[in-house]
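Below is one structure; the comments refer to it alone.
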Amino acid sequence: MLKSICYKGPLATDLSIHGERKSDGVIPAHGTGALRVSRNRWLLFFSTLDPNGWDAVRSIVYQLREESPDGPVLKEGMVAQYLSRWDPLDLGFSLRKAHGMPMAFGVPKGATRNGKPMPNQNVFAVKWYRRALLEQDGRLLQSNTHQDLWPEGPEINRLLLRVEWMQFRLNDAEDDIEVLLPPQQLRQKGYKSGEAFCSLDEAQFMNHAMTPPVPTNDTCTAWVACETFGSLPGQKRTQGRVAPVAYTWNAQTRLFEWTRTGPLILIPGRVVGETSISRFNSYWVIAARSFNIEAGTVWYRTDDPFSGLGEPVVRTGSVCPRHSFRCADGVLRLFINDRKRSPYNDKRNPLYVFEVDPETFAYSEPRVVVDLRAEGIPFPNPFADMAKLCPHQGDRQLLIFRTIDRQMTADPQPGEAPLTEAAMAAGGIHYAELRYSEAMPETWTFET
């Protein structure tokens, strides 16, 4: 049972990396739930945000922290830096190679199960989506929001929207990471090069899930996520598709591989994507965002994602991003905004949490994770969204979320005043603490 939710405030609102600081006009934004990399080391990944464009993500950076996800920062570093004047298709456009929404997985250094060291400990992967933004007169134009200014954008996006990844380990001194596989495009095994990057004939672009992969076996050598794939060339954006993807640890190379892709799942006439996946004892629950006008969340329940997801259950609701997790007490919860419930008619504030029945997908009455206006955060148009749940520590579990004003991620509106220094200072990653009356055992034990 969830005893309490306590908003704790800022976690990372500025960085020390040259070019990625507030003084450079850049904000740490999308974060992954912290990755435990040893008994007392945690790793957080962020994508930075450039306010000169709509959803203009930028670079992938990391923080190594001591003792807990909100512990002291030991090291900051760069994973994938944005690239200006990028033109891989030789089309004569000045593009920005942008990186967003990092997701990480792996088994901590020193982890044991049943008293035995886990075979793939201290091997981790972090993945992110890469996309193209058009650089034009100091602005960054996105393909699906600026088609009037960039009519070629959707086709360029189809050709360049992909997922990249890097693999790494925690070094012996536990004060930084060591790269095992440099950043590169994520490709299914057997599709090392060429236009086809996986076994799906209809995969014309790829975006990844909104939550990290989940292990499918006790040894954590196999993981699964439901990734988003595009439609065929020439089709209108009416058939968003998702498919399960398996990531398997190879004992010979001591690296993870994309080894299997399941069937494409679609709902005719509805665009779906941005999935979350949760494992229960004998089945899986997948949630997807519906991008249609009536919005909502599409839920699936299946015994085996690679045999199909089953019949969809659609719950109407918010147009905003949503993230579902099986929390530390075993309860399925959905973290989402809901403008209809907001006392201010805010699109993305407060951030709510619903308990969800994993069989009927009925929702409980929500609880507030954070209300930025009530907390006095000086944003004219507050966003508290993109929530990521960290692995729990006993009865304590942290939730990390983006905390920004709309101006930090969208084109300014006519007559909109610039943000104050106080508002700029507050923007970044904030977090809340969830406390439970009883929690499940932690996934791993550690060598003494």
Side-chain angles (χ1 to χ4, degrees), residues 1-14 28-46 62-74 102-104 108 210-212 276 278 321-338 348-356 364-377 379 382-404 425-444:
M1 176 182 292
L2 180 59
K3 290 196 305 184
S4 64
I5 305 172
C6 179
Y7 168 64
K8 303 292 286 187
L11 181 67
T13 56
D14 204 356
H30 302 162
T32 185
L35 178 70
R36 190 168 200 167
V37 291
S38 74
R39 179 195 295 272
N40 62 353
R41 295 289 188 270
W42 294 77
L43 203 61
L44 280 71
F45 294 93
F46 309 124
Y62 70 90
Q63 287 184 344
L64 181 66
R65 291 180 176 248
E66 187 176 17
E67 298 298 341
S68 68
D70 57 344
V73 176
L74 301 177
M103 300 292 164
M210 294 290 273
T211 58
S276 306
S278 299
R322 72 286 326 272
H323 304 74
S324 69
F325 296 91
R326 189 185 185 198
C327 297
D329 58 352
V331 175
L332 180 65
R333 291 186 174 89
L334 179 69
F335 298 89
I336 191 171
N337 309 109
D338 188 343
R348 299 199 185 183
N349 178 70
L351 176 62
Y352 295 102
V353 57
F354 293 83
E355 293 189 4
V356 182
S364 70
E365 283 298 307
R367 297 171 69 168
V368 173
V369 175
V370 64
D371 179 342
L372 297 181
R373 292 191 188 274
E375 295 292 340
I377 307 298
F379 295 152
F383 278 26
D385 60 5
M386 303 293 181
K388 304 295 190 297
L389 197 64
C390 302
H392 67 289
Q393 297 173 279
D395 67 348
R396 179 181 191 251
Q397 193 165 31
L398 301 186
L399 184 77
I400 294 170
F401 46 88
R402 182 175 70 167
T403 305
I404 60 172
I429 305 293
H430 292 215
Y431 74 115
E433 181 184 76
L434 283 63
R435 288 282 187 176
Y436 304 95
S437 56
E438 185 174 355
M440 299 183 297
E442 294 185 48
T443 306
W444 302 286

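Numbers for residues simply follow the sequence, beginning at 1.
The list of salt bridge (charged side-chain N to carboxylate O under 4.0 Å, His left out) pairs with a residue in residues 364-377, not counting sequence neighbours, reads Arg341-Glu365, Asp346-Arg373. Pairs of residues two or more places apart, or lying in two chains, that qualify as side-chain hydrogen bond (donor to acceptor under 3.5 Å, both in side chains) and include a residue from residues 430-440 are Tyr7-His430, Asp70-Tyr431, Asp395-Arg435, Arg396-Glu433, Gln397-Tyr436, Glu433-Arg435.
Side-chain contact between Trp42 and Pro391 is present, with at least one heavy-atom pair separated by less than 4.5 Å. Using a 4.5 Å cut-off on side-chain heavy atoms (C-beta onward), Leu399 and Leu351 make contact. When side chains are defined from C-beta on, Val331 does not count as touching Leu2, because their heavy atoms never get closer than 4.5 Å. In this structure, the side chains of Asn349 and Phe383 stay at 4.5 Å or more apart for every pair of heavy atoms.
Side chain of Arg65 to main chain of Gly71: a donor-acceptor pair is present (N/O by atom type, distance under 3.5 Å, no hydrogens or angles). With hydrogens and angles ignored, the 3.5 Å screen pairs no side-chain donor or acceptor of His323 with any backbone N or O of Leu389.
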With side-chain contact (heavy atoms from CB on, under 4.5 Å) as the test, would you mind laying out the steps for Lys8 and Leu398 before giving the verdict?
CA-CA 9 Å; Lys8 303 292 286 187; Leu398 301 186; 5.6 Å; no
Audit row: Leu64, Val37, side-chain contact (heavy atoms from CB on, under 4.5 Å) steps and yes/no:
CA-CA 9 Å; Leu64 181 66; Val37 291; 4.1 Å; yes
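Atom CD1 of residue Ile404 and atom CD1 of residue Ile429 lie 9.0 Å apart, to the nearest 0.5 angstrom. For the atom pair NZ (Lys388) and CZ (Phe335), the distance works out to 11.5 Å, reported to the nearest 0.5 Å. The line from CG of Leu11 to CG of Leu44 is 6.0 Å long, rounded to the nearest 0.5 Å. To the nearest 0.5 Å, atom CZ of residue Arg41 and atom OG of residue Ser68 are 11.5 Å apart. Put simply, CE on Met210 and CZ on Phe325 are 9.5 Å apart, with the number rounded to the nearest 0.5 Å. Rounding to the nearest 0.5 angstrom, the gap separating the CZ atom in Arg348 from the CG atom in Asp338 is 13.0 Å.
Every residue meeting the ring-ring contact (aromatic ring centres under 6.0 Å, His included) condition with Phe354, not counting sequence neighbours, appears here in chain and number order: Tyr363.
The heavy-atom pair separating Pro350 from Asn337 by the smallest distance is O-ND2, 3.1 Å. When all heavy atoms of Arg402 and Ala29 are compared, the pair lying nearest together is CD-CB, 3.9 Å. Across Thr13 and Ala425, no two heavy atoms sit closer than the pair CB-O, 3.7 Å. Between Cys390 and Ala34 the shortest heavy-atom distance is SG-N, 3.3 Å. In this structure, Ala104 and Phe45 approach most closely via the heavy-atom pair CB-CE1, 3.8 Å. Here the closest heavy-atom approach between residue Met440 and residue Cys327 is recorded as CE-O, 3.4 Å.
Residue Thr211 is tested with Ser324, Ser278, Ser276 for a side chain to side chain contact (heavy atoms under 4.5 Å, CB included); the sole match is Ser276.
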